[in-house]
Engineer: 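So that we are looking at the same thing, I have put the structure below in structure tokens.
Everything numeric in this text was worked out from a predicted model, so none of it was measured. Counting starts at 1 for both ligands and their atoms, in listed order.
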Amino acid sequence: MDRFIIRGGRPLHGDITIGGAKNAALKLLVAGLLTSERLILSNVPRIDDIATMRDLLTQHGMTVEAVNGDDSTLCISGTITNTEAPYDIVSKMRASILVLGPLLARCGKARVSLPGGCAIGTRPVDMHLRGLEALGAEITLENGYINASAPNGLTGDRIALPFASVGATENLMMAATLAKGRTEILNAAREPEMADLAACLNAMGAQITGAGTGHIIIDGVEALHGAEHHIMADRIECGTYACAAAITGGDLRLIGGQAEHLGAVIRTLEEAGVEVSEEDNALRVRRTGPLRGVDIMTEPYPGFPTDMQAQFMTLLSVAEGASMLTETIFENRFMHVPELVRMGARINVHGSSAIIRGVKLLSGAPVMATDLRASFSLILAGLAAQGETTLSRVYHLDRGYEAVERKLAACGAQIERIRE
Ligand SMILES: CC(=O)N[C@H]1[C@@H](OP(=O)(O)OP(=O)(O)OC[C@H]2O[C@@H](n3ccc(=O)[nH]c3=O)[C@H](O)[C@@H]2O)O[C@H](CO)[C@@H](O)[C@@H]1O
Ligand SMILES: C=C(OP(=O)(O)O)C(=O)O
């Protein structure tokens, strides 16, 4: 298990290139199941979750190959020979549940392991299942697996989601592309990744309108064909490096970062005393004055993203005054708190809210990553802290961030990966 050693106290200066979005790329790879032709995706991030998704698609019978030896462009092709998604892969990566809708739509059946809970919460999939049932699927749960069948194909319906679930919207949108007639998803998730997925599906011949709004309309077609699609920039990676500039009192240009996808994050940074400006194809983030405490509540897009909560917790740990951070999406997404406290942060958790009283300085310590975004919150703490921080269980980070140590070191951070 690799570790990072970070020596803090250096402001970061320079350029960081933002990669393709993990939370778009994983679903776009799954879209390859919807056609017998070639789907070519560019701007694919080089992260462990993509490798896991390649394994999942390969065991379904698909071929996933780097184009011209460059694994940031992947070609998905082939025929589905196996409609089962096994526990060992689904339990490793929750996005695996997204194969359910496409397999059902293409093959009329699927057997997918229930993902179960994970470190950040219970994360049920009932809305995915109810939605697919509304499209005509028969679903039973047995031995930890979802058995789904639709021998006569799926049929469009009006589905009102009780909560704007990202995963359920994606699963239903993909399944509905090949259903008979019209499907409407009401209270659909509005995250920018919805519009990116719909743009790719439409390039494959789907007829989807309204993606990115709460009302998505999908007119089913007979078949989808091949296409090429460039994956959107990762708004969470961009927001994370913005926090690195902010916490170190640095000045970073985040190349490819898209301000339009980061409205709530930018507003919060500005409220906290951080300067954010748009430059040619970049977002510039710098801080010269003190950080000020702010109150934050995580919400579905366009609200403040849960995937930025841990990074802001660290930032607010060294801000003047008190802040309150409320997590409304996941019930157990504060696991970074005890680790931050070990580095000198003053944080009290009361149910789904954390009260943070800013301290002048954090101090380096051995800490442990508990999940993907929590890992980076501890790197941020290490970059700002006095002395040395050792971060263990870096495999959580490698799931979703590409070349962290290279990107940070190029801007002046002292960070080293110890391979073990
Ligand atoms: C709305 C939201 O912020 N979603 C986040 C969620 O997407 P992800 O797709 O994983 O989760 P959902 O958006 O589906 O879930 C949001 C909430 O709805 C609940 N739920 C979901 C599906 C279901 O069938 N039943 C149910 O009760 C979940 O437990 C959770 O409390 O995690 C991703 C990884 O951190 C983030 O990138 C997404 O931004
Ligand atoms: C928790 C995350 O991802 P996943 O849904 O894959 O667990 C994340 O992107 O922050």
Engineer: Is there a donor in the side chain of E142 and an acceptor in the side chain of N147, or the other way round, less than 3.5 Å apart?
Structural biologist: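 A donor-acceptor contact under 3.5 Å links the two side chains.
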
Engineer: Quick one: does R333 get within less than 4.0 Å of ligand 2, heavy atoms only?
Structural biologist: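 In this structure, R333 qualifies as a contact of ligand 2 - some heavy atom is under 4.0 Å.
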
Engineer: Can you find a side-chain donor-acceptor pair between Q311 and H336 that sits under 3.5 Å?
Structural biologist: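 Side chains of Q311 and H336: no pair found under 3.5 Å.
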
Engineer: Record the part of R333 in heavy-atom contact with ligand 1 below 4.0 Å; permitted values are side chain, backbone, both and neither.
Structural biologist: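 For R333, the contact with ligand 1 is made by the side chain alone.
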
Engineer: When you look at CE of M297, are more than 12 heavy atoms from neighbouring residues, nucleotides or ligands closer to it than 6.0 Å?
Structural biologist: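 Check fails, neighbour count at 12 or below.
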
Engineer: Taking atom 20 (N) of ligand 1 as the point of reference, which of E170, M127, R130 owns the nearest heavy atom?
Structural biologist: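 Nearest heavy atom to atom 20 (N) of ligand 1 lies in M127.
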
Engineer: Considering only protein heavy atoms, which is closest to atom 2 (C) of ligand 2, and at what distance to one decimal place?
Structural biologist: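 Looking at atom 2 (C) of ligand 2, the protein heavy atom closest to it is K22 NZ, 3.7 Å.
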
Engineer: Starting from atom 18 (O) of ligand 1, what is the nearest protein heavy atom, named by residue and atom, and what distance separates them?
Structural biologist: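 The answer is F163 CD2, 3.6 Å.
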
Engineer: Using distance alone, with no hydrogens and no angle criterion, decide if R235 and Y301 have a side-chain donor and acceptor under 3.5 Å apart.
Structural biologist: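 Side-chain D/A pair, R235 to Y301: absent.
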
Engineer: For K180, I'd like to know if atom NZ has over 12 heavy atoms of other residues, nucleotides or ligands within 6.0 Å.
Structural biologist: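 Enclosed: over 12 neighbouring heavy atoms sit under 6.0 Å from NZ of K180.
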
Engineer: In terms of atom number and element, which parts of ligand 1 are under 4.0 angstrom from non-hydrogen atoms of G167?
Structural biologist: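 Heavy-atom distances to G167 below 4.0 Å select 9 (O), 14 (O).
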
Engineer: Looking only at protein heavy atoms, identify the closest one to atom 25 (N) of ligand 1 and say how far it is in Å.
Structural biologist: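 Among all protein heavy atoms, the one nearest atom 25 (N) of ligand 1 is D126 OD1, 2.7 Å.
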
Engineer: So which protein heavy atom does atom 6 (O) of ligand 2 come closest to, and at what separation?
Structural biologist: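 Here the nearest protein heavy atom works out to R399 NH2, 2.8 Å.
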
Engineer: Using a distance-only test with no angle check, is there a side-chain donor-acceptor pair under 3.5 angstrom linking H215 and N187?
Structural biologist: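 No - no donor-acceptor pair under 3.5 Å links their side chains.
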
Engineer: Where is the nearest protein heavy atom to atom 10 (O) of ligand 1: which residue, which atom, and how far?
Structural biologist: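 Here the closest protein heavy atom is R123 NH2, 2.7 Å.
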
Engineer: Please work out which of T169, L372, V166 has its closest non-hydrogen atom nearest to atom 4 (N) of ligand 1.
Structural biologist: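 Selected option, by shortest heavy-atom distance: V166.
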
Engineer: Under a plain distance cut-off of 3.5 Å, with no hydrogens placed, do T213 and R190 share a side-chain donor-acceptor pair?
Structural biologist: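 No - no donor-acceptor pair under 3.5 Å links their side chains.
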
Engineer: Nearest protein heavy atom to atom 14 (O) of ligand 1, by residue and atom, and its distance?
Structural biologist: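 Of the protein heavy atoms, S165 OG, 2.5 Å lies nearest.
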
Engineer: For a quick check under 3.5 Å, do Q207 and N202 share a side-chain donor-acceptor pair by atom type?
Structural biologist: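 No, N202 and Q207 have no side-chain donor paired with an acceptor closer than 3.5 Å.
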
Engineer: By number and element, which atoms of ligand 1 are closer than 4.0 Å to a non-hydrogen atom of H128?
Structural biologist: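 With H128 as reference, the close atoms of ligand 1 come out as 24 (O).
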
Engineer: With a 4.0 Å cut-off on N to O distance, would you call R292 and E271 a salt bridge?
Structural biologist: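 No, this pair does not count.
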
Engineer: Do the side-chain N and O atoms of T122 and E331 include a donor-acceptor pair separated by under 3.5 angstrom?
Structural biologist: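 The criterion, which ignores hydrogens and geometry beyond distance, is satisfied for E331 and T122.
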
Engineer: Counting only heavy atoms closer than 4.0 Å, does ligand 2 sit against the backbone of N23, its side chain, both, or neither?
Structural biologist: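 Side chain only; the backbone of N23 stays clear of ligand 2.
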
Engineer: Kindly identify the option in T306, D371, L129, I97 whose heavy atom sits closest to atom 3 (O) of ligand 1.
Structural biologist: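 Looking at heavy atoms only, T306 sits closest to atom 3 (O) of ligand 1.
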
Engineer: Please check if any side-chain donor atom of N171 sits under 3.5 Å from a side-chain acceptor atom of H128, or the reverse.
Structural biologist: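 N171 vs H128: donor-acceptor pair found between side chains.
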
Engineer: Regarding R111 and the six-membered ring of Y145, is the cationic atom NZ or CZ under 6.0 Å from the ring centre and inside 45° of its axis?
Structural biologist: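 That pair qualifies as a cation-pi contact.
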
Engineer: For atom 7 (O) of ligand 2, grab the closest protein heavy atom and report residue, atom and distance to one decimal in Å.
Structural biologist: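 The answer is R123 NH1, 3.0 Å.
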
Engineer: Please list the nearest protein heavy atom to atom 6 (C) of ligand 1 with its residue and the distance rounded to 0.1 Å.
Structural biologist: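 That would be F330 CZ, 3.5 Å.
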
Engineer: Return the residue, atom name and 0.1 Å-rounded distance of the protein heavy atom closest to atom 23 (C) of ligand 1.
Structural biologist: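 Here the closest protein heavy atom is P124 O, 3.1 Å.
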
Engineer: Give the contacting part of I329 toward ligand 1: side chain, backbone, both or neither, where contact means a heavy-atom distance below 4.0 Å.
Structural biologist: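 Looking at I329 and ligand 1, atoms from backbone and side chain both fall under 4.0 Å.
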
Engineer: Just to confirm my output: which protein heavy-atom neighbour is closest to atom 36 (C) of ligand 1, and how far is it?
Structural biologist: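 Atom 36 (C) of ligand 1 sits closest to the protein heavy atom D307 OD2, 3.2 Å.
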
Engineer: In the protein, what heavy atom is nearest to atom 10 (O) of ligand 2, and what distance, to one decimal place, separates them?
Structural biologist: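 So the nearest neighbour among protein heavy atoms is R373 NE, 2.7 Å.
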
Engineer: Under 4.0 Å from ligand 1, counting heavy atoms only, is it the side chain of R373, its backbone, both or neither?
Structural biologist: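 Neither; nothing of R373 gets under 4.0 Å from ligand 1.
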
Engineer: Please determine, by modelled atom types, if E327 and T306 share a side-chain donor-acceptor pair under 3.5 angstrom.
Structural biologist: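 Short answer, yes.
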
